[in-house]
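All ligand and atom numbering here is 1-based and tracks the order in the structure.
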Amino acid sequence: MKKHLLLALFSGALGLLMINCNPKTDQRTMTESVQVQPKGTITVTTFGKLPDGTSIPQYTLTNNQGMTMKVIGYGGIITSLTAPDKNGKLEDVVLGYDSLEGYVAKSPYFGAIVGRYGNRIGKGKFTLDGKTYTLAQNNNGNSLHGGPAGFDKRVWTIEAYPVDNGTAIKLTYLSKDMEEGFPGNLQAEVIYHLTDKNELKISYKATTDKKTIVNLTQHTYFNLSGNTKTDILQHELMLNADKFVPVDKTLIPTGELKDVSGTPFDFKTPTAIGARIDKDDAQLKAGGGYDHCWVLNGPDDSLKLAGTLHDPATGRVMSVHTTEPGVQFYSGNFLDGSITGKFNTIYNKRYGLCLETEHFPDSPNQKNFPSVVLNPGEVYQTQTVYTFSVK
Ligand code: GLA
């Protein structure tokens with residue numbers, strides 16, 4: 001392994017050391033701990049090796065409340081995130097595997113960065129300036145989550161990122177022109193910032209050299225019971241949305257934005273996820289539960305409340321703010337007990353839920369949905385903040 005200590009910055013009494021690990025050349029096991037804030041640290045270890053020998057680092061970020069987040073270079077996956085319960089007990093609130101092999105062999109996007117296009121594109125086709133692009137149909141005749149080798153399966157470069165409050169890392173990945181069928185060299189950057197206020201701020205950025213489409217999101221499965229003790233049906237969810245995006249049988253939007261009032265999709269007031277999930281409802285049937293995009297109230301491009309999630313048993317609360325127009329609430333319907341994850345837990349149906357902030361599914365083919373087009377010279381920039389507290 002060749003480790004590059006890029007630079008050491010000193011700001012007042014605080015030392016901040018940036019480490020750049022090149023996954024291709026990393027051969028040794030890394031263990032490095034650097035003080036980046038009075039109580040915040042970043043530690044780097046080796047998580048595992050890909051079949052081609054590429055070494056995958058795991059970064060552990062700790063804030064001054066003791067909350068930790070672990071992130072690996074493969075897929076930019078958040079492998080662990082701890083949050084305190086009402087008694088201050090820190091436990092893991094995300095699903096995942098103990099080892100890299102699990103993520104590589106079979107993962108329903110646990111913890112991963114999803115791109116270039118989060119969620120589905122109908123028939124895997126879209127048109128830009130009269131040219132039709134064809135993507136792999138990896139989900140019932142549609143393209144899902146950027147294709148069979150999307151951003152969740154790519155190796156991201158990680159480096160420490162200087163912040164005033166808490167700790168942060170920057171992940172970068174260059175997606176080559178026509179990778180998975182998408183035009184343009186897309187330079188993507190994601191910053192994971194764990195603040196001392198128990199917020200996980202995720203900032204996404206991308207630029208292209210050819211007109212393209214982009215819709216990045218994060219596919220962490222949350223379970224606020226702590227170390228995944230039970231399913232998420234008792235979690236209470238509030239979504240700040242008057243409308244949702246109905247879908248057809250293959251989960252492609254019909255184009256309508258439907259009022260949630262009087263439907264099981266009304267989460268304007270906090271409601272247990274399990275309260276209506278098995279109701280006789282055509283949309284719930286299509287998704288096998290909740291697997292839909294909600295149209296968030298409030299301005300499209302500025303940070304607004306998307307929703308809150310509360311586990312009454314532990315008191316944990318997670319609120320989500322985003323600059324995105326929508327949030328895909330996926331209630332873990334495809335988890336079927338075939339995966340045993342961390343803590344030796346069998347992930348049965350609805351053992352985790354995702355709140356994927358994003359533009360609406362199939363936007364490239366829906367002229368009434370907000371645009372996902374990125375032109376050369378423009379900067380794609382979005383932010384989502386997950387805040388942990390108790391009540
Ligand atoms: C998204 C989709 C779901 C499913 C999961 C991954 O949330 O909307 O239908 O594909 O990802 O299993």
Side-chain angles (χ1 to χ4, degrees), residues 75-78 94-97 102-124 135-153 180 215-223 231-232 237 239 241 244-254 265 267 273 277 282-295 306-307 309 320 322 324-339 341 347-366 369 372 384 386:
I77 292 172
I78 298 173
V94 304
L95 272 54
Y97 286 104
Y103 288 105
V104 174
K106 178 182 178 178
S107 176
Y109 307 91
F110 286 141
I113 298 170
V114 172
R116 284 190 200 190
Y117 198 91
N119 213 278
R120 294 174 178 78
I121 296 178
K123 312 252 184 299
L135 311 168
Q137 300 177 347
N138 60 337
N139 187 263
N140 298 321
N142 301 313
S143 164
L144 176 67
H145 292 332
F151 287 9
D152 58 296
K153 293 178 189 69
E180 295 295 279
N215 187 29
L216 305 181
T217 189
Q218 227 294 335
H219 210 295
T220 288
Y221 287 69
F222 295 99
N223 183 323
D231 63 36
I232 48 82
L237 179 68
L239 292 173
F244 78 107
V245 183
V247 290
D248 68 14
K249 283 201 294 284
T250 68
L251 299 184
I252 292 297
T254 60
F265 291 79
F267 281 96
I273 290 168
I277 201 166
Q283 282 300 313
L284 283 174
K285 287 224 160 68
Y290 296 106
D291 193 354
H292 296 75
C293 188
W294 271 253
V295 180
L309 185 67
V320 185
T322 188
E324 290 280 22
V327 63
Q328 180 85 8
F329 163 39
Y330 167 59
S331 53
N333 314 309
F334 296 123
L335 297 175
D336 60 2
S338 61
I339 290 176
Y347 292 149
N348 285 314
K349 194 170 178 178
R350 299 174 183 154
Y351 255 57
L353 69 97
C354 304
L355 291 169
E356 304 154 60
T357 52
E358 62 193 13
H359 273 57
F360 310 157
D362 199 34
S363 294
N365 298 311
Q366 304 276 351
F369 290 1
V372 289
T384 295
Y386 299 94

Undergrad: Measure the distances from the heavy atoms of F110 to every atom of ligand 1 and state whether one is below 4.0 angstrom.
TA: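 No, F110 has no heavy atom closer than 4.0 Å to ligand 1.
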Undergrad: Hey, are N142 and T250 close enough side-chain-wise for a donor-acceptor pair under 3.5 Å?
TA: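 Yes, N142 and T250 have a side-chain donor paired with an acceptor closer than 3.5 Å.
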Undergrad: Considering the heavy atoms of L144, write down every atom of ligand 1 situated less than 4.0 Å from one of them.
TA: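 By the 4.0 Å cutoff, the relevant atoms are 10 (O).
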Undergrad: List every atom of ligand 1 that sits less than 4.0 Å from any heavy atom of R120, numbering the atoms from 1 in the order shown and giving each element.
TA: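 Once the distances to R120 are compared, the set is 2 (C), 3 (C), 8 (O), 9 (O), 10 (O).
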Undergrad: Would you list the atom pairs, donor with acceptor, under 3.5 Å between side chains in residues 109-121 and any protein atom, with sequence neighbours excluded?
TA:
| residue | atom | partner | partner atom | Å |
| --- | --- | --- | --- | --- |
| R116 | NE | S175 | OG | 3.2 |
| R116 | NH1 | P183 | O | 2.7 |
| R116 | NH1 | G184 | O | 3.4 |
| R116 | NH1 | T212 | OG1 | 3.1 |
| R116 | NH2 | S175 | O | 3.3 |
| R116 | NH2 | S175 | OG | 3.1 |
| R116 | NH2 | K176 | O | 3.3 |
| R116 | NH2 | G184 | O | 2.7 |
| Y117 | OH | F360 | O | 2.8 |
| Y117 | OH | S363 | N | 3.1 |
| Y117 | OH | S363 | OG | 3.4 |
| R120 | NE | N139 | OD1 | 2.9 |
| R120 | NH2 | N139 | OD1 | 3.4 |

Undergrad: With heavy atoms of H145 as the reference, note each atom of ligand 1 found under 4.0 Å away.
TA: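 By the 4.0 Å cutoff, the relevant atoms are 1 (C), 2 (C), 11 (O).
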Undergrad: What atoms in ligand 1 come closer than 4.0 Å to a heavy atom of Y109?
TA: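 The list of qualifying atoms is 6 (C).
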Undergrad: Tell me every residue that passes ring pair (Phe, Tyr, Trp, His ring centres under 6.0 Å) with H359, counting only those two or more places apart in sequence or in another chain.
TA: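 With neighbours one apart ignored, the set is empty.
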Undergrad: Short list, please: which atoms of ligand 1 are under 4.0 Å from a heavy atom of N119?
TA: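 Numbered from 1, ligand 1 contributes 2 (C), 8 (O).
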Undergrad: Does N139 approach ligand 1 within less than 4.0 angstrom via side chain, backbone, both or neither, non-hydrogen atoms only?
TA: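 Neither; no heavy atom under 4.0 Å.
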Undergrad: State the atoms of ligand 1, each with its element, that fall below the 4.0 Å cut-off from a heavy-atom position in E356.
TA: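 In order of numbering, the contacting atoms are 1 (C), 7 (O).
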Undergrad: If the plane angle is over 60° it's perpendicular, under 30° parallel, otherwise tilted; pick one for W294 and F244.
TA: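 It falls in the tilted class, 30° to 60°.
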Undergrad: Quick one: look up the protein heavy atom nearest atom 5 (C) of ligand 1 and list residue, atom name and how far away it is.
TA: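 The closest heavy atom on the protein side is H219 NE2, 3.6 Å.
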Undergrad: Which one holds for Y221 and ligand 1: side chain close, backbone close, both close, or neither close, with close meaning a heavy atom under 4.0 Å?
TA: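 Answer for Y221: side chain.
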Undergrad: Assess the side chains of S338 and K106: does a donor N or O sit below 3.5 Å from an acceptor N or O?
TA: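 Yes, because at least one side-chain N or O of S338 sits under 3.5 Å from a partner of the opposite role on K106.
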Undergrad: Before you tell me yes or no, could you show the steps for I252 and V247 under side-chain contact (heavy atoms from CB on, under 4.5 Å), namely the whole-Å CA-CA distance, both residues' side-chain angles and the distance that decides it to 0.1 Å?
TA: CA-CA 5 Å; I252 292 297; V247 290; 6.0 Å; no
Undergrad: Please step through ring pair (Phe, Tyr, Trp, His ring centres under 6.0 Å) for the pair F329 and H292, ending with a clear verdict.
TA: CA-CA 6 Å; F329 163 39; H292 296 75; 9.0 Å; no
Undergrad: Kindly confirm or rule out an N or O of D291 lying under 3.5 angstrom from an N or O of ligand 1.
TA: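 Looking only at distances, the answer is yes, because the N/O contact criterion of under 3.5 Å is met.
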Undergrad: Please confirm whether Y221 and Y351 have ring centers closer than 6.0 angstrom.
TA: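 No, too far apart.
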